[in-house]
Number of protein chains: 2
Amino acid sequence: MTAEAEFDRIDFAILGLLAKDAWLSNKQIAAAVGLAPSSCHERIKSLRARGVLLGAHAEVNLQAVGFSLEAVLFVQLGKLEVEAVDSFVSTTAAIAEVRGVFLVSGRSDLIVDVVVRDMQHLKMIISEHFNQHDVVLRVETSIVFSRQQHYTLPRPWSTAKTG
Amino acid sequence: MTAEAEFDRIDFAILGLLAKDAWLSNKQIAAAVGLAPSSCHERIKSLRARGVLLGAHAEVNLQAVGFSLEAVLFVQLGKLEVEAVDSFVSTTAAIAEVRGVFLVSGRSDLIVDVVVRDMQHLKMIISEHFNQHDVVLRVETSIVFSRQQHYTLPRPWSTAKTG
DNA sequence: GTCGTCAATCGAATAGATTTCGGAAACATG
DNA sequence: CATGTTTCCGAAATCTATTCGATTGACGAC
């Protein structure tokens, strides 16, 4: 609504740097974007207040702490009311082993990203939280062999408007 | 050999806190886990050196910066050599609009998470980076209506062993 | 063109945090 | 019980974040 927020290239540079490494100090960011630390600090504070910078999360090596199996669940739901679906999404997202829930169009209705210790753990999660649920018609499971992620921001203005 | 990393519950508490909020100060974490700031600092340093804490990333409100459309691509690949597949995965992961690539078992071989400005942008990404590629047999696209994620660590020791 | 207004930036000062390090305490080992 | 090892603590030093008043520059009104 009121949030007609505008950003210049310095704001985007700050966002990009923090998306790549949230542990950069304000001083480092200021130097990287060519601003005084105090000015940079004001901008970051503003980005947080405006809801553009939502927070930061540490990346934990899950294999190192014993979660060596990752899976993606494709869930088909019955034709139910929106309330029931939303409720199921929320309770699913609250499961400790679930890292993300996507409500999508297409062949399946829900995509669920799950991190578990082993196959038995995975079987338990599926049978306990999905197969026993009325809303769920069917669950397909895909094992994740490997993943690659990155945290860089795409360029905001397509390929122009910057100069 | 050297990598027989062991963790106690304080290490897990630190990891959990930082996974939820990487901007917590060392002082705050120390207070939360009941340690002196210097001791807590040593533990965090060790977790980083051992490769358990991999880094931290700011969470950016992508809608606020103009990326209001998210999609998941399900990619089927031809029966090719491992090299060609790995190469394709790497180049795909390097696309700015791609946030994650998952190599999986099941109906499709690759799951690609994409963030774009609009439909035209999405169409461009797919046709340019996927449809024109020899390795790709078929791409199915799912629009993401909503997503829920959380960054809390599951309990490491199943339901026992903690006492 | 000139003035007034507003927003952004800077630099210095303060308050606060991180980081290092020697010594004490806890723990396991023989 | 003695010993070596690890972990923890507290204080000192260093560095950083944060605030604030003053300056600059851009922009619109007249």
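We name chains A, B, ... by the order of the sequence lines, and we start the count at 1 in each one.
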side-chain N/O A:His41 vs D:dA17 OP1/OP2, d < 4.0 Å: no

B:His129 side chain to B:Glu97 side chain, donor-acceptor N/O pair below 3.5 angstrom: no

Options C:dT18, C:dT20, D:dA17, nucleotide nearest the side-chain atoms of B:Asn26: C:dT18

Check: B:Lys20 main-chain N/O paired with A:His57 side-chain donor or acceptor under 3.5 Å: yes

Least distance between heavy atoms, A:Arg99 atom then A:Val115 atom: CD-CG2, 3.1 Å

Integer-rounded Å distance: D:dT19 C1' and A:Ile44 CD1: 16 Å

Short side-chain N/O contact to C:dT18 OP1/OP2 from B:Lys45, under 4.0 Å: no

Side-chain donor-acceptor contact under 3.5 Å, A:Ser39 with A:Arg43: no

Connected via hydrophobic side-chain network under 4.5 Å: B:Val116 and A:Tyr151: no

Aromatic ring proximity, centroids under 6.0 angstrom, B:Phe74 and A:Phe74: yes

Value in whole Å for how far the P atom of C:dT18 lies from CZ of B:Arg48: 12 Å

Separation of atom CG in B:Asp11 from atom P in D:dT6, rounded to whole Å: 15 Å

Nearest-Å distance for atom pair CH2/P, residues A:Trp23 and C:dT18: 13 Å

Atom pair distance, as rounded to whole Å: NZ in A:Lys27 and C1' in D:dT16: 8 Å

Protein proximity profile, nucleotides 6-12 of chain C - base contact B, sugar-phosphate-only contact S, no contact -, cut-off 4.0 Å on heavy atoms: ---SBB-

